[in-house]
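One structure is given below, encoded as structure tokens.
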There are 2 protein chains.
Amino acid sequence: MSKPAFVRSEPDVRRQSLIAATGRVLARDGATGASVRAIALEAGVSPGLVGHYFAGIDALVAETYAATGQQVRDALAAAVAAADPDPRSRVAAYVTASFAPPIADRGLFATWIAFWSLSGKSQIAAQHDAIYQSYRDDLAALLAECGLAPAERRLAAIAITALVDGLWLELCLLPGAFTPDEARELAARQLDGYFERSANSSR
Amino acid sequence: MSKPAFVRSEPDVRRQSLIAATGRVLARDGATGASVRAIALEAGVSPGLVGHYFAGIDALVAETYAATGQQVRDALAAAVAAADPDPRSRVAAYVTASFAPPIADRGLFATWIAFWSLSGKSQIAAQHDAIYQSYRDDLAALLAECGLAPAERRLAAIAITALVDGLWLELCLLPGAFTPDEARELAARQLDGYFERSANSSR
DNA sequence: GAGCCTATTATACGATCGTCCAACAAGCAA
DNA sequence: TTGCTTGTTGGACGATCGTATAATAGGCTC
């Protein structure tokens with residue numbers, strides 16, 4: 001009998017498995033634990049393989065940022081798709097999805113903190129700009145569906161994003177300070193406030 | 001001539017200088033740059049002295065968290081003291097002080113990210129709870145001055161803190177997305193919303 | 001000035017880091 | 001089966017990490 005010492009993978013498959021392993025390590029151990037050796041161990045390959053697929057650890061983390069950011073975006077989009085077709089219900093679903101798994105998750109929080117801590121490097125900063133721009137665009141589109149005046153959309157999207165980010169942050173950091181339901185209630189109140197304002201100004 | 005190789009300091013003075021040096025290193029280089037050697041170099045002492053005053057690097061960072069958190073609290077209190085004596089002006093000053101130096105500052109942001117990234121360690125988590133509890137208490141007291149109903153105070157403080165944290169975060173992370181003035185405007189709108197709600201419910 | 005206390009220095013130690021590279025072997029082509 | 005391509009391994013390398021410790025010397029007391 002001859003058990004192979006290793007199996008070859010399609011290059012793109014191996015790349016994705018390394019990126020996924022990096023995400024798991026970041027979620028479990030944070031930025032300081034994401035070493036080449038720990039990632040290779042998590043992926044079940046030898047440490048040297050990381051250098052074969054990525055220019056360096058920074059490039060790998062940057063690609064993991066892009067992949068994780070897209071996963072979050074997909075999860076938010078799924079929440080919108082599962083909501084009532086009413087525009088107000090759709091934007092409410094988008095906003096409050098941040099307060100339930102898989103987004104309100106201690107591991108995802110640790111991963112996100114790791115990305116922020118690397119935001120000084122230009123390679124990571126570029127990813128960051130692209131990801132957050134897509135979030136703002138998604139939210140702005142939902143607000144447009146609700147009939148929010150174009151002039152109000154930009155600042156409303158900024159305020160809503162900030163409130164949701166802040167609530168998500170404290171929900172992950174201090175789970176005892178308030179409940180996910182309370183976060184949903186607060187976000188819903190703010191949304192109502194912006195819609196009332198819009199209705200008044202167009203009356 | 002005989003220049004002394006080093007000068008002794010009062011133990012507490014030396015401790016504080018090491019804590020201050022740690023804060024500067026964290027602001028400049030983030031969590032990954034805050035090594036014993038880098039901190040000692042910044043403080044102008046030898047690396048071994050750190051071990052003489054602190055049980056380990058984690059203890060030093062925890063004390064730096066406490067000191068930095070108190071500095072932020074003091075800066076916010078100073079902004080309140082400099083505002084009009086009108087209660088609404090005072091809470092507005094407290095809220096919007098986060099969007100100007102020294103709080104809206106890239107270095108402070110890097111420092112704070114470093115603390116968050118260590119929030120898994122119990123030593124840091126305890127500091128975190130204490131600091132954020134004091135912030136919430138300060139804000140709740142200002143809201144009470146404004147006559148906000150006790151039943152509303154808690155959730156209002158949570159929402160206001162979340163919005164301000166979120167705006168502060170994006171202001172530091174993506175300075176180009178919106179201006180500090182716009183952040184002030186958004187925070188002021190939310191404050192007005194909570195005061196109107198309170199006035200309506202008590203009418 | 002002598003002597004003591006201890007703040008301070010300088011260095012050693014083992015562990016781990018990112019990167020690099022020569023050798024090996026899986027899997028396809030002929 | 002033979003040979004080639006290249007995905008993959010495993011260890012070497014120098015740098016840096018946190019911690020521990022013996023030696024040094026500032027600064028006070030007597």
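All of these numbers come straight from a predicted model, not from anything done at the bench. All values below come from the heavy atoms of this structure, side chains included, with hydrogens, waters and symmetry mates left out. A note on names: the letters A, B, ... follow the listed sequences, proteins ahead of strands, and every chain is numbered from 1.
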Under 4.0 Å between a side-chain N or O of B/S35 and OP1 or OP2 of D/dC17?
yes
Compare all side-chain heavy atoms of B/L76 with those of B/R73 and state whether any distance is below 4.5 angstrom.
no
Here the gap from A/L163 atom CG to B/L167 atom CG, rounded to the nearest 0.5 Å, amounts to 9.0 Å
Examine D/dG7: is either OP1 or OP2 under 4.0 Å from a nitrogen or oxygen in the side chain of A/Y53? Give yes or no.
no
Just say parallel, tilted or perpendicular for the rings of B/Y135 and B/Y132, cut-offs at 30° and 60°.
tilted
Check the distance between D/dT19's C1' and B/I57's CD1 and give it to me in whole angstrom.
11 Å
Option from B/H128, B/Q127, B/Q70 for which side-chain hydrogen bond (donor to acceptor under 3.5 Å, both in side chains) with B/Y65 holds:
B/H128
Separation of atom CG in A/L41 from atom P in C/dG18, rounded to whole Å
14 Å
Any N or O donor-acceptor pair under 3.5 Å from the base of D/dG7 to the side chain of A/R14?
no
Between CZ of A/R37 and P of D/dT9 the distance, given in whole Å, is 15 Å
Should the side chain of A/R8 and the base of D/dT6 be counted as holding a donor-acceptor pair, with the cut-off at 3.5 Å?
yes
Start at the 5' end of DNA chain D and walk down; is the nucleotide closest to B/G33 or to A/S46 reached first?
A/S46
How many whole angstroms separate atom CD1 of A/I39 from atom P of D/dT9?
15 Å
When the distance from CG of B/D12 to P of C/dA7 is rounded to whole Å, what number comes out?
13 Å
With a 3.5 Å cut-off and no angle check, do the side chains of A/T111 and A/R28 form a donor-acceptor pair?
no
Distance check: side-chain N/O of A/H52 vs OP1/OP2 of D/dT8, anything under 4.0 Å?
no
Between B/A38 and B/G48, just flag the one whose closest nucleotide in DNA chain D comes earlier from the 5' side.
B/A38
Write down the atom of A/A114, the atom of A/A31, and the distance for their closest heavy-atom approach.
CB-CB, 3.6 Å
When rounded to whole Å, the CG to P distance for the pair A/L118 and C/dG18 reads 12 Å
Nucleotide nearest A/V7 when distance is taken to its side chain, options C/dA10, C/dG27, D/dG18
C/dG27
D/dG7 C1' sits how many Å from A/F54 CZ, rounded?
14 Å
Donor-acceptor pair between A/D129 and A/Q133 side chains, under 3.5 angstrom
no
Calculate the interatomic distance between A/L49 atom CG and C/dT19 atom P; express it in whole Å.
15 Å
Which part of the nucleic acid, if any, lies within contact of B/V50, taking any heavy atom under 4.0 Å across all strands shown: a base, the sugar-phosphate backbone alone, or nothing?
nothing
Reading DNA chain D 5' to 3', how would its secondary structure be written in dot-bracket notation, given Watson-Crick and G-U pairs with both distances under 3.5 Å, brackets [ ] for crossing pairs and | for partners on other strands?
||||||||||||||||||||||||||||||
